[in-house]
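A short write-up of the structure that comes next.
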Amino acid sequence: MKILVINGPNLNMLGIREPGIYGDRSFSALEEFIRASAKELEAEVSLFQSNHEGEIVDVIQSAYGVFDGIVINPAAYTHTSVAILDALKAVAIPTVEVHLSDINSREEFRQHSFVSLAAQKTICGLGFDGYKEALAYLCENK
Ligand code: DQA
């Protein structure tokens with residue numbers, strides 16, 4: 001099982017960025033957590049982070065025929081990006097959307113997700129554990 005994990009803009013600032021919402025653990029701690037979770041689940045994982053919408057579209061397109069699943073936290077692009085939604089629909093790779101915070105209990109503009117329209121499942125509000133749950137879901141439903 002080969003899974004591509006994509007993190008969107010500003011997630012590289014974890015630990016510094018709004019710790020009251022996103023916690024005080026760093027982005028590299030998140031990457032370590034994801035790698036350890038994948039190992040436990042016997043899945044092969046590739047990690048990608050970008051602050052640029054077009055780069056995220058490019059990496060989704062290049063996943064076609066290569067990866068069996070995608071875990072994506074599109075961050076702010078969740079709420080704005082039809083391009084990322086269309087890329088996920090184009091490759092039709094089973095996808096789980098993850099958010100560290102509970103977007104449904106935050107500002108109204110965060111309560112709509114374009115990416116949800118292409119995702120098999122959305123997990124939010126579980127912090128780092130949400131990524132593990134997403135990997136487990138993809139492994140169980142391959
Ligand atoms: C986020 C929630 C988004 O609304 C926000 O723009 C982010 C992070 C989360 O993980 O909780 O950057 O996706």
Side-chain angles (χ1 to χ4, degrees), residues 1-41 43-64 66-142:
M1 183 78 184
K2 286 181 72 177
I3 302 173
L4 174 63
V5 179
I6 302 171
N7 280 299
N10 301 305
L11 289 166
N12 57 313
M13 296 288 284
L14 281 182
I16 297 164
R17 171 191 192 201
E18 300 181 270
I21 296 173
Y22 300 113
D24 54 14
R25 285 186 288 174
S26 67
F27 183 65
S28 51
L30 174 62
E31 290 196 316
E32 260 175 55
F33 176 85
I34 293 168
R35 285 189 208 285
S37 302
K39 200 171 173 190
E40 226 176 274
L41 294 160
E44 200 182 310
V45 84
S46 270
L47 304 185
F48 178 80
Q49 190 276 329
S50 176
N51 295 323
H52 305 278
E53 185 176 19
E55 284 183 4
I56 295 171
V57 169
D58 287 344
V59 83
I60 293 168
Q61 288 184 6
S62 63
Y64 182 73
V66 178
F67 288 96
D68 310 304
I70 294 176
V71 172
I72 184 166
N73 182 345
Y77 290 137
T78 306
H79 321 295
T80 62
S81 183
V82 176
I84 291 174
L85 166 64
D86 285 349
L88 290 169
K89 283 189 160 182
V91 298
I93 297 170
T95 295
V96 179
E97 173 187 7
V98 173
H99 300 283
L100 293 159
S101 66
D102 179 9
I103 54 172
N104 296 312
S105 62
R106 296 183 62 193
E107 303 96 319
E108 208 180 322
F109 69 86
R110 293 188 202 274
Q111 295 177 19
H112 177 260
S113 165
F114 283 104
V115 169
S116 287
L117 300 170
Q120 266 72 10
K121 188 178 168 69
T122 297
I123 299 167
C124 49
L126 299 183
F128 283 16
D129 288 341
Y131 288 81
K132 187 170 185 183
E133 203 170 286
L135 293 171
Y137 177 87
L138 288 171
C139 291
E140 280 158 22
N141 295 279
K142 59 188 168 199

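For ligands, and for the atoms within them, numbers begin at 1 and follow the listed sequence.
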Does the side-chain hydrogen bond (donor to acceptor under 3.5 Å, both in side chains) test come out yes or no for E97 and T78, once each step is laid out?
CA-CA 9 Å; E97 173 187 7; T78 306; 4.7 Å; no
In sequence, state the C-alpha distance, the side-chain angles, and the governing distance for Q49 and N51, and then conclude on side-chain hydrogen bond (donor to acceptor under 3.5 Å, both in side chains).
CA-CA 7 Å; Q49 190 276 329; N51 295 323; 3.1 Å; yes
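Within a 6.0 Å sphere centred on NZ of K2, heavy atoms belonging to other residues, nucleotides or ligands number more than 12.
When only non-hydrogen protein atoms are considered, atom 9 (C) of ligand 1 lies nearest to L100 N, 3.4 Å. Scanning all protein heavy atoms for the shortest distance to atom 12 (O) of ligand 1 gives R17 NH2, 2.8 Å. For atom 2 (C) of ligand 1, the nearest protein heavy atom (residue, atom name, distance) is I103 CG2, 3.7 Å. For atom 1 (C) of ligand 1, the nearest non-hydrogen atom of the protein is H99 ND1, 3.8 Å. If you check which protein heavy atom lies closest to atom 6 (O) of ligand 1, you get R110 NH1, 3.1 Å.
Near H79, with a cut-off below 4.0 Å to any heavy atom, the atoms of ligand 1 are 3 (C), 4 (O).
Side-chain atoms of R110 and H99, non-hydrogen and from C-beta on, never get closer than 4.5 Å to each other.
Between S101 and ligand 1, an N or O atom pair is found at a separation short of 3.5 Å. Inclusion of A76 in the set of residues having an N or O under 3.5 Å from an N or O of ligand 1 is warranted.
I60 approaches V91 most closely through the heavy-atom pair O-CG1, 3.4 Å.
Looking at N7 and Y131, their side chains do bring a donor and an acceptor atom within 3.5 Å of each other.
Of all the heavy atoms of N10, none lies under 4.0 Å from any atom of ligand 1, so neither backbone nor side chain is involved.
Among L41, V96, I93, the one residue that satisfies the side-chain contact (heavy atoms from CB on, under 4.5 Å) test with L138 is V96.
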